[in-house]
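Values below: all heavy atoms of this structure, side chains included; hydrogens, waters and symmetry mates excluded. Because the structure is a prediction, the values reported are computed rather than measured.
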Amino acid sequence: MTQGFRLAAATGLHKGDRPYQQDQVLLMSHPRVPGCVLGVVADGMGGRSGGRKASDQVLMTARQLFTRYQPGKEDPEALLKQILEDSHTVIKLTAVSAEQEPHSTIAAFLMNPKGDCAWIHAGDSRIYHFHDGELLKRTRDHSYVQVLIDRGQITEAEANIHPQGNILLGCLGMTTTPPPIDPYYIPKMAPGDLLMACSDGLWHYFSPEELASVLYAQPPRDAVEILVGEARRRARGTGDNISIAVLKLDPLPAAAA
């Protein structure tokens with residue numbers, strides 16, 4: 001008999017040491033179908049109003065499209081692509097009134113009631129997929145330093161302190177380059193699986209092993225608080241905005257024979 005699971009989830013948002021908050025985070029259950037969950041992290045860029053407008057548009061678009069989504073009848077990857085593309089279009093349209101050209105990252109995952117899951121991202125906000133404390137996969141940043149890593153010119157550790165570490169090669173709102181479309185599909189999530197989406201204000205300070213050790217030792221709400229607090233401590237007064245969304249599939253006791 002297949003072992004069941006219980007969904008546990010939490011989000012976190014912190015301004016860091018920045019004068020204003022441009023990150024946004026969403027973790028939303030489907031309004032009509034239990035067990036269908038959408039998680040979104042958006043890291044806005046473009047001045048006090050521009051960046052916040054951009055990340056707000058990502059969440060507004062995600063909510064609207066997810067509410068109309070029909071699990072089991074529609075393709076989750078298609079929905080995520082539409083969220084990305086529609087957000088990109090709306091952000092470009094708001095550039096006229098923003099004080100600076102607005103941009104945003106996106107890291108979004110969608111889990112259906114039967115356990116299949118898809119994700120999509122643009123920029124350097126990440127999604128991690130763990131199983132029983134082991135990293136199975138994470139998104140690849142659309143950034144200049146990621147290209148250097150891929151070429152073997154720098155290491156992951158060197159990328160974290162690289163002076164051009166904040167240069168993105170793909171995100172939402174860019175006028176000359178369309179956002180990358182790179183969806184990923186998981187046919188079946190399993191008990192012990194965990195998804196975490198977060199902005200660079202969090203992942204910058206942790207190895208995957210450190211993230212897993214906290215995420216599997218604590219319930220999601222406590223784990224989020226610990227990770228945000230430790231990121232703040234490690235930032236030493238220079239921390240960026242932080243956003244994080246966690247979805248954990250806690251195993252249920254196997255049914256008696």
Item to check | Verdict with reasoning, Asp17 to Arg232, per salt bridge (Lys or Arg N to Asp or Glu O under 4.0 Å) | outcome: CA-CA 8 Å; Asp17 297 295; Arg232 297 285 301 118; 2.8 Å; yes
Using a distance-only test with no angle check, is there a side-chain donor-acceptor pair under 3.5 angstrom linking [X] and [Y]?
X	Y	result
Asn112	Tyr69	yes
Gln24	Asp56	yes
Ser243	Ser199	yes

Checklist outcome for this item: Those residues at least two apart in sequence (or on a different chain) that pass side chain to side chain contact (heavy atoms under 4.5 Å, CB included) with Arg151 are Val147, Leu148, Gln153
Exam field: side chain [X] to backbone [Y], donor-acceptor pair closer than 3.5 Å:
X	Y	value
His129	Ile127	no
Asp193	Ala190	yes
Trp119	Ala197	no

Checklist entry - Given Leu202, which of Met196, Arg126, His14 fulfils the side-chain contact (heavy atoms from CB on, under 4.5 Å) condition? => result Met196
Next on the checklist: Asp75 vs Tyr185, test: side-chain hydrogen bond (donor to acceptor under 3.5 Å, both in side chains). Steps then yes/no.
Outcome noted: CA-CA 11 Å; Asp75 181 4; Tyr185 183 69; over 6 Å; no
Does [X] pair with [Y] as a salt bridge, N-O distance under 4.0 Å?
X	Y	answer
Asp182	Arg140	no
Lys188	Asp116	no
Glu210	Arg234	yes

Checklist entry - Cation over ring, Lys137 on Tyr128, under 6.0 Å and within 45°? => result no
Checklist entry - Looking at Tyr216, does the NZ or CZ of Lys248 lie under 6.0 angstrom from its six-membered ring centre and within 45 degrees of the ring axis? => result yes
Next on the checklist: Checking Glu230 against Arg236 for the salt bridge (Lys or Arg N to Asp or Glu O under 4.0 Å) test, could you report, in this order, the C-alpha distance in whole Å, the side-chain angles of both residues, the deciding distance, and whether it holds?
Outcome noted: CA-CA 10 Å; Glu230 182 62 14; Arg236 299 178 182 273; over 6 Å; no
Next on the checklist: For Asp150 and Gln146: C-alpha separation, side-chain torsions, deciding distance, then whether side-chain hydrogen bond (donor to acceptor under 3.5 Å, both in side chains) applies.
Outcome noted: CA-CA 6 Å; Asp150 294 343; Gln146 183 64 58; 2.9 Å; yes
Checklist entry - Run the salt bridge (Lys or Arg N to Asp or Glu O under 4.0 Å) check on Lys81 and Glu85 step by step: do they pass? => result CA-CA 6 Å; Lys81 288 180 185 178; Glu85 291 172 342; over 6 Å; no
Checklist entry - Relative to each other, are the rings of His142 and His121 parallel, tilted or perpendicular (30° and 60° limits)? => result parallel
Next on the checklist: Strictly by side chain to side chain donor-acceptor pair (under 3.5 Å), give each pair with a member in residues 162-172 just once, sequence neighbours left out.
Outcome noted: none
Checklist outcome for this item: Closest non-hydrogen contact found for Lys92 with Gly173 is CG-O, 3.7 Å
